[in-house]
Each structure stands twice: as structure tokens, then as C-alpha cells.
Amino acid sequence: MRAAAPGRPLSGSLRVPGDKSISHRALMFGALAVGTTAIEGLLEGEDVLRTAAAMRALGAEVEQLAPGRWRVAGRGIGGLLEPADVLDMGNSGTAARLLCGLLAGHPIFSVMTGDASLRRRPMRRVIDPLSATGARFAAREGGRLPLAIEGAADPLPLDYRLPVASAQVKSAVLLAGLCAPGTTRVVEPEPTRDHTENMLRHFGATVRVEDTPEGRVIELEGQPELVAAPIMVPGDPSSAAFPVAAALLVPGSALTVEGIGLNPLRTGLLATLREMGADLTVRNERVEGGEPTGDLLVRHGPLRAVEVPPGRVPSMIDEYPILAVLAAFAQGTTRMRGLAELRVKESDRLAATAALLAAAGARAEILGDDLLVHGNGAPPPGGGLVATHMDHRIAMSALVLGLASAAPMRIDDGAFIDTSFPGFAALMNRVAGAEALTAG
Ligand SMILES: O=C(O)C1=C[C@@H](OP(=O)(O)O)[C@@H](O)[C@H](O)C1
Ligand SMILES: C=C(OP(=O)(O)O)C(=O)O
């Protein structure tokens with residue numbers, strides 16, 4: 001795929017597809033609830049469709065009624081059935097890790113695999129805590145997929161302090177805790193996205209959250225009856241980051257992204273962009289389906305370099321590749337600190353982002369776990385071919401860069417964009433002009 005300067009500003013308004021994190025959870029909690037859960041705005045990206053297929057394989061009725069509108073007839077906690085075949089979670093770390101938690105508490109045997117990217121990603125981070133429930137795991141060397149799970153008949157509740165700030169690990173522990181008697185307790189060193197906690201409450205579970213000197217403590221009362229409840233999925237702020245970045249970079253642009261999730265544990269990028277001098281206005285702030293939502297108006301303008309503290313990582317974990325692209329156009333050196341977790345995403349995102357910038361003729365370097373991007377306030381030359389390494393966010397970041405670099409950019413493979421942002425090219429071309437993103 002190829003991205004070239006559109007020759008006109010981005011204008012008008014758009015909606016991005018539903019939030020990926022919330023969509024996975026809606027399907028999983030729907031499958032565990034008693035009754036029928038109606039979902040509006042579900043992300044129909046490849047990652048979420050893998051979760052839908054897995055829930056079906058575990059006995060839930062999962063049905064698409066219309067685009068974005070789904071219904072899930074649940075089996076109740078403890079009611080999942082043994083799947084007849086291997087569960088293939090494709091490219092999705094969230095699907096694989098949350099499912100480990102869910103399967104740990106059911107007395108069934110299952111085998112899970114994924115694509116070449118997912119089979120490289122670490123699963124010990126969930127296997128280790130979940131093994132203490134009584135579930136048994138057998139994985140490939142290094143704790144990689146494929147993985148066999150023998151769930152516990154009488155799972156024990158966990159009391160676990162997360163060694164890394166990870167919403168996936170937290171959620172896996174809480175999902176296992178649904179099947180265990182008593183209180184499951186998770187302590188996070190830094191708060192991470194809390195969609196699991198919000199949705200548990202929405203389905204009637206008792207969840208207590210307290211900030212203490214040891215970190216954020218989350219307690220879940222086990223074996224609740226989850227009652228089906230309707231879910232409205234807001235637009236994904238991590239997907240919105242791409243059109244937002246394009247509007248910041250293409251001169252003259254003024255673009256509104258409507259109906260995006262503004263959960264404060266997801267808005268680290270907006271805070272960073274404001275520090276860089278970006279012109280952002282939030283309108284129509286409201287709460288939809290228990291999640292803060294709003295419209296975001298973004299206007300083109302110059303950006304200045306900033307230092308992004310490590311404490312901001314959890315609230316913008318997936319936004320670093322696109323932030324690095326923005327930093328390449330900013331004036332000065334942007335330093336993004338504490339990015340070790342980027343090494344274990346769909347690709348080694350630290351290396352892939354630095355290589356993306358190098359392919360565009362921008363200057364970037366990795367120092368320990370930090371990424372430094374040197375900008376001079378002007379567009380980088382562009383003209384390069386970017387290796388995307390099965391990583392949707394690297395692919396979209398490279399294409400956005402190409403919309404504003406002096407020469408067009410190409411990526412080796414656009415197929416993985418569908419994992420999180422189906423219709424990306426068509427949507428961008430609608431606001432940027434038909435020739436902005438093209439095949440080839
Ligand atoms: O819980 C989730 O839905 C997610 C958590 C994050 O991963 P980690 O938990 O590994 O940080 C994020 O990168 C991923 O895209 C979605
Ligand atoms: C890291 C991501 O997703 P996952 O871990 O679910 O593959 C992402 O979407 O950027």
C-alpha cells in the first residue's frame with residue numbers, strides 16, 4: 001500500500017470503529033452472563049472476530065444482527081463447554097490472554113494457538129499467576145503458544161501483584177476470579193485501562209477499587225451471577241489516533257472524530273499532544289454505556305518536542321508508533337521514556353518504529369528503553385518502504401506519515417490493518433481525497 005500527500009486539507013467528520021478492548025470484553029462477559037447481551041457498535045476487526053468464534057466454540061450463541069449490532073446468549077459462569085477443536089486467536093494478544101483467565105476457571109481441556117506474531121508473544125505473564133488457581137498449562141518453550149489448558153474444577157481465588165502494568169494480565173486474573181469462591185485481589189503498580197472492572201460492575205458483579213501506597217487494589221467477589229446487560233461500544237481512541245495525527249500533520253486540516261471513548265486511562269496521547277501544542281477541542285462530552293465519550297475536533301498546527309514520562313505508558317501504550325511519527329514533524333527532540341513493553345507487542349514496536357522513521361529519512365534512536373526522535377519542525381523526506389512485521393499499528397503509522405512527508409511512503413503489507421481498523425483506507429480517503437491511500 002502507498003500513502004501520498006493528499007494535496008488538500010483533511011476536513012469534515014468521521015467515526016472510527018468500536019473500541020477493541022471493550023469489544024473483546026463485551027463478547028466474553030456476554031458469554032459468561034445469564035441471558036442475552038445486546039451489543040451496539042462492536043468492532044468487527046479480525047481480532048474481535050476471533051473472540052466471537054472462540055465464544056461460539058465454548059458454547060455461547062453469538063450472532064451478528066446487522067453491522068456492529070450483535071447478540072450473545074450466555075451460558076453463565078462455569079457453564080462454558082469443552083471446545084471440539086483448537087482455539088485460534090489470530091493476531092490478538094488481548095483475546096489470547098483474557099481467554100486464558102476465562103478457561104482457567106472452567107473444568108475443560110482446550111488448546112490455543114495464534115498466527116506467527118502471536119506465537120512469538122510471552123504468555124508466562126498469565127500462565128504463572130493463573131497456575132495458582134489450580135489450572136494446568138503446557139506451553140511451548142519460553143511460554144509461547146500453542147498452549148494447552150486444563151482448567152481447574154475448584155479454582156482458588158488469587159491475590160496477585162502485577163509485575164508489569166498490563167490490563168491484559170489484570171483482566172485474566174479477574175476473569176479466573178469469577179469462577180473461584182471468595183475474593184480475588186489484584187494490585188497494579190500503575191493504573192491500567194479499567195474496562196474489565198467497569199463491565200463486571202455493569203453485569204452485576206461486586207468490584208472494589210482503592211488507591212493505596214502499594215498501588216491500585218482491585219477486589220472482585222467470586223462466583224457472582226452475571227446478568228446480561230446491553231453494551232454500547234464507543235469509538236476506539238487508539239484507532240482515532242491515526243486520523244487525528246493525519247489532521248495535525250496535513251496543512252489546513254480541521255477534522256472532527258465523533259463518538260470516541262475518552263476513558264481517562266486511555267487518553268495519554270491527548271495529554272501528550274496538548275503538551276506539544278496541538279489544537280484539540282473535545283465537544284459533547286457524555287457517558288455512554290458506562291464509558292466517557294465525546295467528539296474531538298483537531299486542527300493542523302505546528303508541534304514542539306516534549307519528554308513523555310514513563311508513568312504515561314499505560315494510558316497510551318498502543319499510541320507510541322503514531323506519536324513517534326508526529327514527533328518526527330515537531331521542532332526539537334522528543335524523548336519517550338520507559339517503552340520496554342513495546343518490545344512484546346505484535347512486533348518489537350520499539351525497533352519497528354525506529355526503522356519506520358529511518359525509512360522516511362527521519363532521525364530516531366533507541367537508548368535503553370527510551371525512544372528519541374529528532375525533528376526540525378519540517379516534514380521528513382519520506383520515499384521509503386516500511387516493513388510492518390504483521391503489526392497493524394506500524395502499518396497505519398507509516399501510512400499517516402506518508403500523507404505529510406515530502407515523498408510518498410509504502411508499506412510491505414496492509415492486510416493486518418483489519419485486526420483493529422477495518423475500512424481504514426476508505427475512511428482516510430473519504431476525509432483526505434481518493435488518491436491519498438492507494439494499493440501498490
Ligand atoms: O487489555 C486490553 O484490552 C489491552 C491492553 C494493552 O496490552 P497490555 O495489557 O499487554 O499492556 C494494549 O496494548 C492492548 O492493545 C489492549
Ligand atoms: C497490542 C495490541 O493488541 P493485542 O495485544 O491485543 O494484540 C494493539 O492493538 O496495539
Side-chain angles (χ1 to χ4, degrees), residues 20-21 91 93-94 117 121 164-168 190-193 236-246 248-249 263 265-276 278 280 303-330 332-360 362-375 380 386-401 404 409 411 416-417 419-421:
K20 177 158 69 72
S21 294
N91 192 250
T94 308
S117 158
R121 296 178 67 183
V164 285
S166 164
Q168 293 178 3
E190 313 223 34
T192 65
R193 65 188 69 190
D236 195 324
S238 299
S239 297
F242 299 102
V244 164
L248 287 171
L249 296 179
N263 181 317
L265 293 167
R266 298 288 298 280
T267 51
L269 179 70
L270 299 186
T272 304
L273 292 178
R274 288 201 172 98
E275 290 168 9
M276 295 174 84
L280 305 175
L303 299 172
R304 55 179 177 268
V306 288
E307 176 156 329
V308 189
R312 198 164 290 163
V313 170
S315 67
M316 54 175 296
I317 179 75
D318 296 336
E319 279 67 82
Y320 283 95
I322 191 63
L323 176 64
V325 165
L326 289 161
F329 291 75
T333 295
T334 292
R335 183 169 192 146
M336 299 163 231
R337 291 186 176 274
L339 306 187
E341 273 294 298
L342 295 199
R343 294 200 170 92
V344 291
K345 296 296 181 184
E346 285 83 328
S347 67
D348 174 345
R349 278 189 186 156
L350 205 44
T353 302
L356 182 176
L357 295 178
R363 290 205 305 127
E365 61 196 298
I366 297 168
L367 279 182
D369 293 335
D370 297 353
L371 178 63
L372 276 69
V373 180
H374 309 287
V386 172
T388 53
H389 303 287
M390 307 178 81
D391 190 329
H392 52 133
R393 304 222 188 263
I394 298 298
M396 291 186 278
S397 299
L399 292 172
V400 168
L401 192 153
M409 292 292 293
I411 59 172
F416 286 88
I417 292 173
T419 60
S420 67
F421 201 151

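At a threshold of 4.5 Å between non-hydrogen side-chain atoms, the residues Met336 and Pro310 do not count as touching. The closest side-chain heavy-atom distance from Lys20 to Ser238 is not below 4.5 Å. Two residues are said to be in side-chain contact when any heavy atoms from C-beta on lie closer than 4.5 Å; Leu399 and Ile417 meet this criterion. With contacts defined as side-chain heavy-atom distances shorter than 4.5 Å, the pair Met409/Val386 qualifies. For the pair Arg266 and Asp236, the minimum side-chain heavy-atom distance is below 4.5 Å.
One distance of note links CG of Leu248 with CG of Leu280; it measures 6.0 Å at 0.5 Å rounding. Here His389 contributes atom NE2 and Ser117 contributes atom OG; the two are 11.0 Å apart, rounded to the nearest 0.5 Å. The CD atom of Glu341 sits 11.5 Å away from the OH atom of Tyr320 when rounded to the nearest 0.5 Å. Atom OG1 of Thr388 sits about 9.5 Å away from atom CG of Leu356, to the nearest 0.5 Å. Summarising the geometry, atom CD1 belonging to Ile394 is positioned 10.5 Å from atom CD1 belonging to Ile411; distances are rounded to the nearest 0.5 Å. Going from atom CD1 of Ile322 over to atom CG of Leu249 covers 7.0 Å, rounded to the nearest 0.5 Å.
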Problem set entry | Check against side chain to side chain contact (heavy atoms under 4.5 Å, CB included), Thr267 and Ser315 | CA-CA 6 Å; Thr267 51; Ser315 67; 6.0 Å; no
For this session: Start with the C-alpha distance between Met316 and Thr272, add both sets of side-chain angles, then the distance that settles side chain to side chain contact (heavy atoms under 4.5 Å, CB included), and finish with yes or no.
Result: CA-CA 9 Å; Met316 54 175 296; Thr272 304; 3.5 Å; yes
For this session: Go through Glu346 and Arg121 one step at a time and tell me if the salt bridge (charged side-chain N to carboxylate O under 4.0 Å, His left out) criterion holds.
Result: CA-CA 8 Å; Glu346 285 83 328; Arg121 296 178 67 183; 3.7 Å; yes
For this session: Please lay out, stage by stage, how Ser420 and Met396 fare under the test side chain to side chain contact (heavy atoms under 4.5 Å, CB included).
Result: CA-CA 10 Å; Ser420 67; Met396 291 186 278; 3.6 Å; yes
Exercise. Between Arg393 and Phe242, does a side chain to side chain contact (heavy atoms under 4.5 Å, CB included) hold up when you go through it step by step?
Worked result: CA-CA 9 Å; Arg393 304 222 188 263; Phe242 299 102; 4.0 Å; yes
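Ion pairing between Arg349 and Asp391 holds under the 4.0 Å rule for side-chain N and carboxylate O. Salt bridge status for Glu275 with Arg312: present, with a side-chain N to carboxylate O gap under 4.0 Å.
Ser21 and Arg193 share a side-chain donor-acceptor pair at under 3.5 Å.
Across Ala324 and Thr353, no two heavy atoms sit closer than the pair CB-CG2, 3.4 Å. Heavy atoms only, all atoms of each residue included: Pro243 and Phe421 are closest at CD-CE1, 4.3 Å. Shortest non-hydrogen contact noted between Arg274 and Arg304 is O-NH2, 4.5 Å. Across all their heavy atoms, Ala328 and Pro380 have their closest contact at O-CD, 4.1 Å. Nearest heavy atoms, Ser397 versus Val325: O-CG2, 3.6 Å. When all heavy atoms are compared, the tightest approach of Glu190 to Pro314 is CB-CG, 4.1 Å.
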Can I get a per-line list of side-chain donor-acceptor pairs under 3.5 Å for residues 366-373, giving both atom names and the distance, sequence neighbours left out?
residue : atom : partner : partner atom : Å
Asp369  : OD1  : Arg343  : NH1          : 2.7
Asp370  : OD1  : Gly338  : N            : 3.0
Asp370  : OD2  : Arg335  : NE           : 2.9
Asp370  : OD2  : Arg335  : NH2          : 2.9
Asp370  : OD2  : Arg337  : NH1          : 3.3

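Remark: of the listed residues Val244, Leu273, Thr334, Leu273 is the sole one forming a side-chain contact (heavy atoms from CB on, under 4.5 Å) with Leu326.
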